[in-house]
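Below: the structure, in structure tokens.
First the proteins, then the strands, lettered A, B, ... as listed; each starts at 1. FYI, side chains are in, hydrogens and waters are out, and symmetry mates aren't considered; it's all heavy atoms of this structure.
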Amino acid sequence: MAVEIQKEKYRSKVGEVVLGATKEQGGSRSHTITVGGETTLPFLHFEGEMPNRPVVALEIVDMVPEWHPCFGQYYDDVFADTAAWAKKCVDEYGADLVQLRLQSADPDLKDSSPEDCAATVKKVLEAVGVPLIVIGCGKGEKDNLVYPVVAEAAAGENLLLGVAEVENYKAITSACMANQHNIIAQSPIDINICKQLNILIAEMSTAMINRIIIDPTIAALGYGIEYTYSIMERARIGALQGDKMLAMPMIGNIGFEAWRTKEANSSTEDAPNWGEQETRAILWEATTAMAYLQSGMDILVMRHPRAAALVKQNIDELMQDNSY
Amino acid sequence: MGLTGLEIYKHLPKTNCKDCGAPTCLAFAMSLASGKASLDACPHVTEEGKAALESASAPPIKLVKIGTGDYELELGDETELFRHDKRFFHPTGVAVLISDNEDVAAKAAAFEELEFDRVGLHYITDVVAVKCDSGDGAKYKSAVETVAGKTEKAMILICEDPALLEGAVEVVAARKPLLYAATADNYEKMVELAKAKNCPLAVRGKDLEETADLVEKITALDYKELVLDSGARDTSKVLADLTQIRRSAIRKRFRPFGYPTIAFTSKEDPLEEVIQAGVYLSKYASIVVLKASAKEHLLPLLTWRQNLYTDPQKPIAVEPALYEVGEVDENSPVYCTTNFSLTYFIVEGEVENSRIPSYILSVDTGGISVLTAYADNKFNGEIIAKAMKEAGLDEKVNHKKIVIPGHVAVLQGTLEEESGWEVLVGPREAAGIPKFAKETFG
Ligand code: B12
Ligand code: SF4
């Protein structure tokens, strides 16, 4: 019997943001990556467009991180060399892009100078051809000193720089405006704050509207993911229904959240009823990512190479046409 | 197509006798129209009226049950496309597949182990699917027997040859297994068998249209205990089909799709299977069947199911109170945390792991987590000090030391001032508590 295919008609779409710049465009990337552009909910190709596939970034840190020992077999040789680490993520583990966290700038850690941070960014840019995400150490005052220097040193590269928050967005926005970078706008799982921040950034420069990536703040599987999943789903529906201040691609720090959990870190011996640690942890991270792909995430920042590979494969499959 | 309240009202007795619990027949009609009541509640409606109203009073997706007793599983009867609009009601059944060609007893035993305790909840893998790959009726029957002997959970019998299936159904019919599957080739025999044994039946077409066709044919044979499989196996296509089935049922009340659904993974690698199954679980499958059967594979998937099916309207909270972990005395350590149940149970588990009997003060934050409550000013020095007083901590212990979560180390000063106690800053993640406890109180 004839089945009437149910198609939703949305009024609007998610904006597209280009990350990175090639030589011709004033940067040094081997290629650019475009995210966003959806005219429907994730992977419903039968009713709309998803012109750009979601991408997977691997995260790196500019100092040796205190990660679970199971990362040793993948990164021990490069933990101390940020540029080599970035290169390994791309060449060996197939990262679409790399997210560099300037952890060493933290005044309670190494308190690296903005110039040192900029030098690290330059080195990473030389080591890889993919577009780069750079985020601060998380201590606002210090980050505000770092952003302008890093932004200027990488002028033309069209970085994705983060993070701007409602309480602290001016320095980073100015740095991005002056040097034409993209910005991560982070809000605490709250649609109104998300919109408010986008408006604040847009008030500083309307051109920045097309350069915003929303970080709606995420939680790991089992640690509040249901709240963040639903907020993202609502934000994306809002974007498709015409809310311009929600119509930006979304990013999430999946590896960071997943690897804070007990389920990822408990050894097989300590938690025998939860099964083998590394596989459990890989799936904790990959399942978290899988859920966020279904709620509209465009850039997934991950940590474990196998989890990243699983998710890339899931994206490949979900990008197959499913129109009727 | 749903009827309006007024259209329904026409078919009711109009006596306003209140036996249905509604004040008037019209009020009852309105509840029916919005799907909030079921026609069964009115004992006086005529057979004629009933027939006319059947489609309007039926939920958009039929509730189908498989299994019996403690492990009976309710499938379908969903009303939403997005959990934030209300909630999802009947958690996806997670099924592990056992082929009659593998070591059935071993895999059934492994299946029985797939239960987990996490944050005060017990997760179970609730369905076992036994598949006839051997083509041998006796072998299949014995496989089903073996599995049935190892577990009491709900079962799916996968065998498309009704003749072979019949023998196996004999063994476990009383447990109401789901029979898989009626297809264009076998549906008459399958329906006969399902009816005779009173078992729910899965229906598989080669695409949405054929599936709808088959459902029409089967319901014409007067059988409605159905579970749908559109036949798709590629991740993207399954997502599309499950979305279509759910939308058609809920938005259009398209009857042939008003049943629960079943989806199968196509991957061989267990990690890939879990991710694929996760997609189907997220977007509308009532049952997902996968081969993976190790604990590390199932725990993430069951956790996602639990998270997805929680009620978004109410944070799950524990009673704010002073809890005792183990045989406490006046020297026992005191920890404080919020009354968000997730937070509380994580902390409780770790305090238990420390093996030092302790008190946990669960402060009333309206059921939200540590940092959320801190940011919302519901977890501060004043509030914690007040909770300490109310719990009578002064009389319970004689050491005047309390441990706060590492994430809110900034509260140390004000809490010391407010309470007059020494405030120890614990680790950020609760997982660090056992080590912290050993070093501090051991
Ligand atoms: C889910 C969530 C929400 C949900 C709340 C769900 C709930 N029931 O709590 C919602 C969407 C409602 C929400 C709202 C807000 N949120 Co909120 N939220 C989160 C999120 C994503 C996860 C929180 C969570 O559930 N964690 C899991 C639980 C188990 O963690 P936990 O309680 O901290 O417990 C852990 C540790 O603290 C420790 N621990 C706990 N107790 C104890 C005790 C001892 C003794 C020890 C040693 C350890 C310990 O063990 C646990 C596991 O390791 C976080 C970001 C993130 N990824 O963490 C933001 C976050 C907590 N939220 C934040 C904010 C700002 C808010 C809002 C104020 C935003 C707003 N709208 O203005 C509101 C609050 C308003 C309100 N009344 O609800 C901020 C807080 C910032 C800060 N540092 O102050 C965060 C960090 C996000 C961010 N980066 O900006 N939020
Ligand atoms: S029980 Fe039936 S007849 Fe009585 S008030 Fe309710 S709908 Fe009307």
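Of all residues in residues 272-286 of chain A, those placing a non-hydrogen atom less than 4.5 angstrom from a non-hydrogen atom of chain B are A:P272, A:N273, A:W274, A:G275, A:E276, A:T279, A:R280, A:I282, A:L283, A:W284, A:A286. Among the residues in residues 254-268 of chain A, those with a non-hydrogen atom closer than 4.5 angstrom to a non-hydrogen atom of chain B are A:R260, A:K262, A:E263. Residues from residues 79-86 of chain B that place a non-hydrogen atom less than 4.5 Å from a non-hydrogen atom of chain A comprise B:F82, B:R83, B:H84, given in numerical order. Residues of residues 224-231 of chain A lying under 4.5 angstrom from chain B, judged on non-hydrogen atoms, are A:G224, A:I225, A:E226, A:Y227, A:Y229, A:S230 by number.
A salt bridge links A:D298 with A:R236: the distance from a Lys NZ or Arg NE/NH1/NH2 to an Asp or Glu carboxylate oxygen falls below 4.0 Å. A salt bridge is absent between B:K267 and B:D269: the closest approach of a Lys/Arg side-chain nitrogen to an acidic carboxylate oxygen does not fall below 4.0 angstrom. Using a 4.0 Å cut-off between charged nitrogen and carboxylate oxygen, A:D106 and A:K142 do not count as a salt-bridge pair.
A donor atom on one side chain and an acceptor atom on the other are found under 3.5 Å apart for B:Q276 and B:S266. Side-chain contact annotation: B:Y309 with B:T92, donor-acceptor N/O pair under 3.5 Å present. No donor-acceptor contact under 3.5 angstrom links the side chains of A:D321 and A:H45, judged on distance only. Looking only at atom types and distance, the side chain of B:S236 has no donor-acceptor partner in the side chain of A:Q320 under 3.5 Å away. No hydrogens or angles considered: nothing links the side chains of A:T288 and B:W304 as a donor-acceptor pair under 3.5 Å.
Chain A forms the most heavy-atom pairs under 4.5 Å with one residue out of B:L114, B:V274, B:L208, B:V279, and that residue is B:V279. Across B:D213, B:L271, B:T372, B:V119, the residue that shares the most heavy-atom pairs under 4.5 angstrom with chain A is B:L271. The candidate from B:V238, B:D241, B:T211 with the greatest count of non-hydrogen atom pairs under 4.5 Å with chain A is B:D241.
B:F116 carries B:K295 over the face of its six-membered ring, with the cationic atom under 6.0 Å from the centre and within 45° of the normal. For the pair B:K237 and A:Y324, the cation-pi test (distance below 6.0 Å, angle within 45°) is passed.
Looking at A:Q313, the atoms closer than 4.5 Å to chain B (heavy atoms on both sides) all sit in the side chain, from C-beta outward. For A:L44, the part lying near chain B is the side chain, with the backbone staying farther off; criterion is any non-hydrogen pair under 4.5 Å. For A:D270, no part lies under 4.5 angstrom from a heavy atom of chain B. Contact annotation for A:I189: neither backbone nor side-chain heavy atoms come within less than 4.5 Å of a heavy atom of chain B.
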